[in-house]
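None of these values were measured; they are calculated from a predicted model.
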Amino acid sequence: MFLDKLKKINDFISKILLSLGALCFVLLVLVVLLQIATRLFIPISVSWTEEVSRFLLLYMIAFVAPVALKDRQLVYVDLILSFFPKKIVKILRGISDLLISVLSIIILSTSHNYILLGVGQIAPVTGLPMYIPYGMVFVLSLFLSFYGISNFLDILRKNDD
């Protein structure tokens with residue numbers, strides 16, 4: 001029962017993260033097109049486009065990578081796993097999910113201090129407070145740990161069945 005509710009929550013959060021990732025991607029494309037257009041057709045250079053595109057790329061990764069983990073679309077060495085029996089593959093994937101979760105929780109626990117480094121600093125061109133791009137580490141580690149734990153629990157549940 002609990003895992004069924006968790007799956008519904010996972011799917012809902014995934015839709016939000018994918019939507020935010022798609023928004024970041026569209027904005028990134030528009031910013032890069034603006035940068036190209038101003039360099040080719042207008043004799044002025046828009047200086048903020050490079051900085052904004054860097055921030056958009058980081059947030060796009062922070063939003064989409066956890067969904068890739070949830071759907072098991074992150075890079076796995078499938079060739080090596082193909083030599084093992086299914087039971088061993090399931091155990092290795094469970095260990096992988098657990099290690100990703102532990103690492104993400106460690107990063108999550110220190111991300112607050114990392115964000116605080118950006119307080120009082122501003123991005124040189126856009127004037128954006130640096131805690132906003134530094135917050136990407138918090139977002140990424142939060143959802144990676146969430147989906148890593150969720151996948152691990154799913155593997156445990158399938159072993160019980």
Where [X] and [Y] come nearest, the two heavy atoms and their spacing:
X    : Y    : value
M60  : G21  : CG-O, 3.6 Å
L140 : A65  : CD1-CB, 4.0 Å
S145 : L108 : OG-CD2, 4.2 Å
F152 : G94  : CD1-O, 3.3 Å
L144 : P66  : CD2-CA, 3.8 Å

Approximate separation, where rounding is to 0.5 Å, of [X] [atom1] and [Y] [atom2]:
X    : Y    : atom1 : atom2 : value
I95  : I88  : CD1   : CD1   : 9.0 Å
L18  : L23  : CG    : CG    : 12.5 Å
C24  : L17  : SG    : CG    : 10.5 Å
L30  : L34  : CG    : CG    : 9.0 Å
L98  : L103 : CG    : CG    : 11.5 Å
H112 : Y131 : NE2   : OH    : 12.5 Å

Cluster link [X] to [Y], ILVMFWY, side chain under 4.5 Å:
X   : Y   : answer
L27 : V29 : yes
L69 : I16 : yes
F63 : I9  : yes
F12 : V67 : yes
I36 : V26 : no

Using a 3.5 Å distance criterion without hydrogens, assess whether the side chain of [X] forms a donor-acceptor pair with backbone atoms of [Y].
X    : Y    : value
Q121 : L117 : yes
S141 : V137 : yes
Y59  : M136 : yes
S109 : I106 : yes

* Would you call D154 and R157 a side-chain contact if the rule is heavy atoms closer than 4.5 Å? ->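 They are in contact (side-chain heavy atoms under 4.5 Å apart), so the answer is yes.
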
* Going by heavy atoms in the side chains, are T126 and V52 under 4.5 Å from each other? -> yes

* To do: Begin from the C-alpha positions of V46 and V31 and carry the test side-chain contact (heavy atoms from CB on, under 4.5 Å) through to its verdict.
  => CA-CA 10 Å; V46 182; V31 167; over 6 Å; no

* To do: Decide yes or no on side-chain contact (heavy atoms from CB on, under 4.5 Å) for F138 and I107, but give the supporting numbers first.
  => CA-CA 8 Å; F138 174 80; I107 294 171; over 6 Å; no

* Can you name the side-chain hydrogen bond (donor to acceptor under 3.5 Å, both in side chains) partners of S19, sequence neighbours left out? ->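 S19 satisfies side-chain hydrogen bond (donor to acceptor under 3.5 Å, both in side chains) with no other residue.
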
* List the steps and the verdict of side-chain contact (heavy atoms from CB on, under 4.5 Å) for I155 and K90. => CA-CA 7 Å; I155 285 177; K90 194 178 283 190; 3.8 Å; yes

* To do: Let me see the working for F55 and I132 under side-chain contact (heavy atoms from CB on, under 4.5 Å), right down to the final yes or no.
  => CA-CA 9 Å; F55 296 157; I132 293 174; over 6 Å; no

* Asked: When S96 is tested against each of I100, L92, L99 for side chain to side chain contact (heavy atoms under 4.5 Å, CB included), which residue passes?
  -> I100

* Check: S14/Y147 side-chain N/O donor and acceptor closer than 3.5 Å -> yes

* To do: Taking atom OH of Y134 as the centre, report whether more than 12 heavy atoms of other residues, nucleotides or ligands fall under 6.0 Å from it.
  => yes

* Between D97 and R72, is there a salt bridge with N-O shorter than 4.0 Å? ->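 Answer for the salt bridge query: yes.
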
* In a check of side chain to side chain donor-acceptor pair (under 3.5 Å) between K70 and each of D11, N151, N10, which one passes? ->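 That would be D11.
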
